[in-house]
A.B. asks: 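One structure, pasted below without further comment.
Quick note: numbers below take in every heavy atom, side chains included, and nothing from hydrogens, waters or symmetry partners. Every chain is numbered from 1 and lettered A, B, ... according to where its sequence line falls, protein lines coming before strand lines.
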Amino acid sequence: MSYWIIKSDPESYSWEQMKKDKKTFWDGVRNYQARNNLKLMKEGDIALFYHSNSDKALVGEVEIIKEYYQDPTTDDDRWVCVDVRYLCDYKKPLTLEVMKANKGFSEVGLIKQSRLSVMPITIKEYELIKSFVD
DNA sequence: GCCAACGTTGGC
DNA sequence: GCCAACGTTGGC
């Protein structure tokens, strides 16, 4: 059981849309490092949904319900996607600002490598996040 | 809207 | 196989 952060620009796919859809496939990853992380995801893993740009905050959680398969939006067999379903909303979204101010998050990819769109987090980091969001 | 960081591409 | 040029992303 692993924990992840997946990032989305609300202009292309927002959390509101995610909640409306209930489940979706996480496609469009075109970066090797992010792709490799997608491939490591297992059914039942938890991914935290991060809004980049306007919100810059973790807004809720989804569950991985299907492991990686060929991304149907491209013929290029280098790229994969996974299926996720809506799990829960955060009462208080955790902003990038707060994460930057707290030492416990200093190793999180969001801080260290802001362009990576899929990244693992440790259970400790996950628990720390949970202590902020409700 | 600017710019820094980083990934990718292509010429050599 | 190196590196310059270029494109993209995301924070500010």
A.B. asks: Applying side-chain contact (heavy atoms from CB on, under 4.5 Å), can you list everything that pairs with L40(A), at least two apart in sequence or on another chain?
C.D. replies: W4(A), N37(A)
A.B. asks: Would you compute the distance between atom OG of S52(A) and atom CD of E11(A) and round it to the nearest 0.5 angstrom?
C.D. replies: 9.0 Å
A.B. asks: With sequence neighbours left out, write down each residue that passes side-chain contact (heavy atoms from CB on, under 4.5 Å) with N102(A), or none if nothing qualifies.
C.D. replies: F105(A), L128(A), F132(A)
A.B. asks: Expressed in angstrom and rounded to an integer, what is the separation of I5(A) atom CD1 from dT9(C) atom P?
C.D. replies: 19 Å
A.B. asks: Is any NZ, NE, NH1 or NH2 atom of the basic residue among K112(A) and E107(A) found under 4.0 Å from an Asp or Glu carboxylate oxygen of the other?
C.D. replies: yes
A.B. asks: Without decimals, in angstroms, what is the distance between I111(A) CD1 and dG10(C) P?
C.D. replies: 14 Å
A.B. asks: Ion pair present between R30(A) and D71(A), side-chain N to carboxylate O less than 4.0 angstrom?
C.D. replies: yes
A.B. asks: Listed in order of residue number, which residues of residues 112-120 of chain A have a non-hydrogen atom at under 4.0 Å from DNA chain B?
C.D. replies: Q113(A), R115(A)
A.B. asks: Write down the distance between CD (E11(A)) and P (dT9(C)), rounded to a whole number of angstrom.
C.D. replies: 12 Å
A.B. asks: dG7(B) C1' sits how many Å from R78(A) CZ, rounded?
C.D. replies: 12 Å
A.B. asks: Under a 3.5 Å distance rule, please check whether D45(A) uses its side chain to pair with a backbone N or O of K42(A) as donor and acceptor.
C.D. replies: yes
A.B. asks: Not counting sequence neighbours, which residues clear side-chain contact (heavy atoms from CB on, under 4.5 Å) with Q113(A)? List them please.
C.D. replies: Q33(A), L116(A)
A.B. asks: Dump the pairs, protein N or O against N or O of nucleotides 3-6 of chain C, anything under 3.5 Å, distances to one decimal.
C.D. replies:
none

A.B. asks: Is the side chain of N31(A) donor-acceptor paired with the backbone N or O of A34(A) at a distance under 3.5 Å, no angle test?
C.D. replies: yes
A.B. asks: Can you name the one residue among K130(A), R85(A), K19(A) that meets salt bridge (charged side-chain N to carboxylate O under 4.0 Å, His left out) with E61(A)?
C.D. replies: K130(A)
A.B. asks: Mind calculating the distance between CG (L96(A)) and C1' (dG10(C)) to the nearest angstrom?
C.D. replies: 10 Å
A.B. asks: Between dT8(C) atom P and N53(A) atom CG, what is the distance in whole Å?
C.D. replies: 15 Å
A.B. asks: Can you tell me if the side-chain N/O atoms of K100(A) get under 4.0 Å from OP1 or OP2 in dC12(C)?
C.D. replies: yes
A.B. asks: Enter the inter-axis angle for the ends of the helix from dG1(B)-dC12(C) to dC12(B)-dG1(C) (five pairs per end, rounded to 10°).
C.D. replies: 10°
A.B. asks: Whole-Å distance between dG10(C) C1' and L58(A) CG?
C.D. replies: 15 Å
A.B. asks: Please answer whether the main-chain N or O of R78(A) pairs with a side-chain N or O of D76(A) as donor and acceptor at a distance below 3.5 Å.
C.D. replies: yes
A.B. asks: Report the distance from atom CZ of R30(A) to atom P of dT9(B), rounded to the nearest whole Å.
C.D. replies: 12 Å
A.B. asks: Using only atom types and a distance under 3.5 Å, with no angle test, would you say the side chain of E125(A) pairs donor to acceptor with the backbone of T122(A)?
C.D. replies: yes
A.B. asks: Compare side-chain N and O positions of Y50(A) against OP1 and OP2 of dT9(C) and report whether any pair is under 4.0 Å apart.
C.D. replies: no
A.B. asks: Under 4.0 Å between a side-chain N/O of K7(A) and OP1 or OP2 of dG10(C), yes or no?
C.D. replies: yes
